[in-house]
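A short write-up of the structure that comes next.
In what follows, chains are A, B, ... by sequence order, proteins preceding strands, each numbered from 1.
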Protein chains: 4
Amino acid sequence: MQAKSDSGELTVTERARRTQIIAAAIETVAELGYSRATYRQIAARAGLSSTGLISYHFANRAELVTEVVRDVLARFGAFVVERLDEHETAPEQLRAFLTAQIDFSRGNRASMLALRRIQADTEITDSQTRTFAELVESDHAALAELLRQGIRRGEFRDFDPDAMALFVFALRDGVLSRLHDAAPAELDVIRQELATMIDLATRR
Amino acid sequence: MQAKSDSGELTVTERARRTQIIAAAIETVAELGYSRATYRQIAARAGLSSTGLISYHFANRAELVTEVVRDVLARFGAFVVERLDEHETAPEQLRAFLTAQIDFSRGNRASMLALRRIQADTEITDSQTRTFAELVESDHAALAELLRQGIRRGEFRDFDPDAMALFVFALRDGVLSRLHDAAPAELDVIRQELATMIDLATRR
Amino acid sequence: MQAKSDSGELTVTERARRTQIIAAAIETVAELGYSRATYRQIAARAGLSSTGLISYHFANRAELVTEVVRDVLARFGAFVVERLDEHETAPEQLRAFLTAQIDFSRGNRASMLALRRIQADTEITDSQTRTFAELVESDHAALAELLRQGIRRGEFRDFDPDAMALFVFALRDGVLSRLHDAAPAELDVIRQELATMIDLATRR
Amino acid sequence: MQAKSDSGELTVTERARRTQIIAAAIETVAELGYSRATYRQIAARAGLSSTGLISYHFANRAELVTEVVRDVLARFGAFVVERLDEHETAPEQLRAFLTAQIDFSRGNRASMLALRRIQADTEITDSQTRTFAELVESDHAALAELLRQGIRRGEFRDFDPDAMALFVFALRDGVLSRLHDAAPAELDVIRQELATMIDLATRR
DNA sequence: CATGAATGAGATTTCATTCAT
DNA sequence: AATGAATGAAATCTCATTCAT
C-alpha cells in the first residue's frame, strides 16, 4: 500500500474495488484451486488491467485471502441466522439450520468451494488460521447452545451437545460435497434421509 | 530421470528412495500445506542434497503427488480391510469400519492431513483427479454394499444405502477433523456418541 | 507476461523493450552460438536486471527465437526489395539481388550469423520451423519467378528456374560464409568471379 | 575418465564402445538437433544403460562432439578421394568430386545433417573450431589445386581457383540441402542443371 | 487512484559429470 | 568396464510485490 491513509477508513471507491477483487478471488479459487489462483488470474477475472492494483488494495496475499474468508462467512452467517429466526422449537431450528446451509450453498457454490479450498491449504500454518478457527468455533458454539436448549426443554433426548454439533456440521459438509455432482433425484433422497437420520438421532 | 530404464521395474534402491521422498512429501504437505510444500522443503525433510534428486525419481510434481495419494490410500485401505474381516454381521462391520478409520487416522495424522489438503487443491483440475475420484467412489460403493446387505438381512432398518454411506463418511471426516485438537476425554465422548447415533440411525 | 492485455497490441515501451531484447538475443546467438545463448547471457547483453524480464516480454524461448527470425528476415527482405526495385531487366535484377544480399550481410553480420545458427538447430523439430520453411520457400519462389520471366523475355537461356534459384541461393550462402573471414582484396575477386559465373551460367 | 590408462592407446573393446557411442551421437544430433542431443538421448539410442558410460569414454561433451566431426569427415574424405582417383582430367575430376559428395550424402544423411548442425552451433566459439576450420580449409585447398591444374592444362577457362572452389562447395551444399526433401524427378533436374552450370562456368 | 513496467526471489526441471560398487 | 545413483549448477519460467508516472 503506497499512499493510503492510515486512518483505516476506506472511501466508497476503495470499498467497491476491494469487493470486486474479493469476488474475483472467490471465483478464481473455486475455479482453479488455491495454488493456481494467482494475482494474474484474479486480475483477469476482475477485469483489472494490472495485478499491481490488487497489491494496492490489499497489503499482501494473506490479507486478500483473509478478506475472502471473512466475506463468505459473513454472508453465510447472515443467511442462516435469518432463517433460524423464523422458527421457535429446537428441532425446527435444527432442521432450519441444516436446510439454510444447504440452500445457501446451492446459491453460492463458488464461495463455498473457495472456502473449503482455502481452509484445506491454510489450516494449521498461518496467523489468519486463528481467525478462521475462531469463526468455526463460534459457529460450533452457537449450534451446541441450540442443541443444549433443546435438551433442557425436553425437545431432544439427552446427548452430548458438542458431539452432536460436530456431527451435524459433518453431515452438512458431506451433503454439500454431493450438492453439485449428484442428480436432483438423488439429492432429494439424501435430504429426506438426512432429516430422518437427524430425527432418529436426536428425538426423545 | 536420466537414463532410466523404461521397463517400469524399479530397483531396490530406487524404490527405497521413492518411499523416502514420498514420506518426506507427506510430512511437508501436512506441516506446511500443499501450496508451500516445495521441492526444497521436501528435499530438506528427506535429507536430500538437491531438489534435482526428486525430479530424478519422479517425472514431475504431479507424479509425486499421485504417488503420495496412492501410498496413503493403500495403507489406509489395507488397515481397514483387515479390521473388517474380523467381523460378521453388518452392524458390527459398520462399527468396525468407523473404528478402524479413526484408529488409523490417529496413528497416521500427517498422512491423513496431507491427503485432505491434496484433495482440496486438486479436486476439479487435474487428470489425476480421476484416480482420486475413482478411489473415493469405490470406497463409497463398498460401504453402500455393506449397508445394503445389512438391510437385506434385516440387520438394519430400511434406509437408502447410498445416502447412509455418504453420511457415514461425512461423520468419519467430522470426527477425524477433531481427532488431534480435542482432549482425550472429549474424544471418548465423541466416539461414544457416534456409536449411539449410528445405532439409532440404522437399527430396526 | 503477467497481466498483459490479450489484445495483441503493444505499448510503445513494450515494443521498445522487445526490440532491445531481440537485438541482445541476436548478438548473443551470434557470439556464443545457439545452445549457449541463455536468458542469462541475453539479459546481460541487454542490460536487464533479471532474466525474468525476458519471460515477462516473451511467452517462452520459442517465441523469442521466432521473433528474432522474423526481425532479421523482415529487415533483410526490406533491404533487398528496395534494391530490386531500382532495376528493370531480369539479369540486372538478378545481379542486384545478389549484391543486395551481400551488402546487407556485411552490415548485419550478427543478424545473419544468428539466423543461420537458429536455422541449423531448428530445422526439423519445431512448429516454428514451418514459419521458417515458408519464408525460405517464398523467397525461393520469388527468385524463381524472376528467373522465369527472364527466360520468357529471352533475357536468359532456357534453364530450369527452380534449380537455378537453388544455385543462386547456394552461391549467396557460400559467399556470405566468406564475407567476414576473407581479406577485402579476396572479396573483390570473389564478387567479380561470382558475377562472371552467374553471367556464364544464365546468358543466352 | 576414471581409471583409464594415460598411454593414449585404446583396447579393442574401448574402441568399439567409442564407435558405438559416436554413431548414436550422430543419429541423435541428426534427429533432434544439436541442442537437444543430450547424453540421455544418445545413451538411449546406443542401447546404453547409463549416461555415465559416455562420460567414461569421453572426457567431456566437447570431446565427443569432436570425435563425431572427425569420424564423419574421415569417412566422407575417404569416399571422395577414392572416386577422384578413378579420373584423370580436371573437368572429369571436378564432376566426380561433386557426384561423389552427393552420393555420399545420400547414403549418409544423418552424418551430414549432424555435421551441419554441429558446425552451425560451434563455428566461432570453441577450441575445436580450429580442427573444423582446418579440415574445411584443407578440403578447399585440395579442390582449388585441382582447379588450378585444370586451368594450367588448358582444360578450364582462366578463373580464380579459390573463388571457384568456394562456389563449387557452395553449390554442393545447396544441392545437399535439397537432397532429402526434393522429389526424385526434381533431383534429376537439379543434377543435370548443376552439371550444365558448372560446365558453362568453367569451360574455355 | 490506477497503470504498465520492472524486480528479484524462488519454483521445477534438465543436464553433464562423478562416484561407489 | 560398466552400472545405477547422486550431485549441484544452471536453465526457463512464474509470482507477488514495488515503483514511477
Side-chain angles (χ1 to χ4, degrees), chain A residues 1-4 11 13-14 17 35-43 48-62 64, chain B residues 1-5 10-14 16-17 35-43 48-62 64, chain C residues 1-5 10-14 16-17 35-43 48-62 64, chain D residues 1-4 11 13-14 17 35-43 48-62 64:
Chain A
M1 281 179 295
Q2 207 169 3
K4 203 175 303 173
T11 68
T13 318
E14 247 172 351
R17 267 275 184 267
S35 68
R36 284 166 295 279
T38 66
Y39 274 25
R40 173 134 81 119
Q41 293 289 344
I42 295 170
L48 303 178
S49 54
S50 163
T51 61
L53 197 55
I54 302 177
S55 289
Y56 179 77
H57 283 285
F58 297 89
N60 50 37
R61 204 168 193 282
L64 171 58
Chain B
M1 281 180 293
Q2 202 155 313
K4 207 174 297 174
S5 73
L10 305 177
T11 66
V12 176
T13 317
E14 214 169 4
R17 263 275 183 266
S35 69
R36 282 166 297 278
T38 66
Y39 274 23
R40 199 216 281 237
Q41 292 290 343
I42 296 170
L48 304 179
S49 56
S50 101
T51 62
L53 198 54
I54 302 177
S55 290
Y56 178 78
H57 284 285
F58 297 88
N60 48 40
R61 206 166 194 283
L64 172 57
Chain C
M1 281 180 293
Q2 201 155 313
K4 207 174 296 175
S5 72
L10 304 178
T11 67
V12 176
T13 318
E14 213 168 4
R17 264 274 183 267
S35 68
R36 283 166 296 278
T38 67
Y39 275 22
R40 199 216 283 235
Q41 292 290 344
I42 296 170
L48 304 179
S49 56
S50 99
T51 62
L53 198 55
I54 301 177
S55 290
Y56 178 78
H57 285 284
F58 297 87
N60 49 41
R61 205 168 195 283
L64 172 57
Chain D
M1 280 180 293
Q2 206 168 4
K4 201 175 306 174
T11 68
T13 317
E14 246 171 353
R17 267 274 184 267
S35 69
R36 283 166 296 279
T38 66
Y39 273 26
R40 172 135 81 120
Q41 292 290 344
I42 296 170
L48 304 178
S49 53
S50 163
T51 61
L53 196 55
I54 302 176
S55 289
Y56 179 78
H57 284 286
F58 297 88
N60 50 38
R61 204 169 193 280
L64 172 58

Could you work out, with side chain to side chain contact (heavy atoms under 4.5 Å, CB included) as the rule, every residue matching A:T11, not counting sequence neighbours?
A:T13, A:E14
Considering all heavy atoms of both residues, which atom of B:I54 and which atom of B:A43 are nearest to each other, and what is their separation?
CD1-N, 3.9 Å
Between F:dT3 (P) and D:I54 (CD1): distance, integer Å:
11 Å
Can you name the residues that form a side chain to side chain donor-acceptor pair (under 3.5 Å) with D:S35, not counting sequence neighbours?
C:D121
Nearest heavy-atom pair of D:Q41 and D:R36: which atoms, and what distance?
CG-O, 3.8 Å
How many Å lie between CD1 on B:I42 and P on E:dT13, as a whole number?
11 Å
Rounding to an integer number of Å, can you tell me how far B:N60 CG sits from E:dT12 P?
11 Å
To the nearest angstrom, the CG-C1' distance between C:L48 and E:dG8 comes to 13 Å
Taking N or O atoms only and anything under 3.5 Å, show me the protein contacts with nucleotides 9-11 of chain E, one pair per line.
{"from": "E:dA11", "atom 1": "OP2", "to": "B:R40", "atom 2": "NE", "distance (Å)": "3.2"}

Below 4.0 angstrom from OP1 or OP2 of E:dC1, is there any side-chain N or O of A:T13?
yes
Can you see if the side chain of B:S49 gets near the phosphate of F:dT7 - specifically, an N or O under 4.0 Å from OP1 or OP2?
yes
Applying side chain to side chain contact (heavy atoms under 4.5 Å, CB included), name anything that partners B:S49, two or more places apart in sequence or on another chain.
none
Look at C:R17 and E:dA5 and indicate whether a side-chain polar atom (N or O) is within less than 4.0 Å of OP1 or OP2.
no
Pairwise 5' ranking along DNA chain E for B:A37 and D:S35, keeping only the more 5' one
B:A37
Among F:dT3, F:dA6, E:dT13, the nucleotide that comes nearest once only the side chain of B:L53 is considered
F:dA6
Can you name the side chain to side chain contact (heavy atoms under 4.5 Å, CB included) partners of D:R61, sequence neighbours left out?
D:Y34, D:A37, D:Y39, D:V65
Between atom CG in A:L64 and atom P in F:dA16, what is the gap in whole Å?
10 Å
Rounding to 0.5 Å, atoms CG (B:L48) and OH (B:Y56) come to a distance of 13.0 Å
OP1 or OP2 of E:dA5 sitting under 4.0 Å from any side-chain N/O of C:H57?
no
Calculate the interatomic distance between A:Y56 atom OH and E:dA6 atom C1'; express it in whole Å.
20 Å
Base-paired stretches in DNA chain F with three or more consecutive Watson-Crick or G-U pairs, both distances under 3.5 Å, amount to E:2-21 with F:2-21
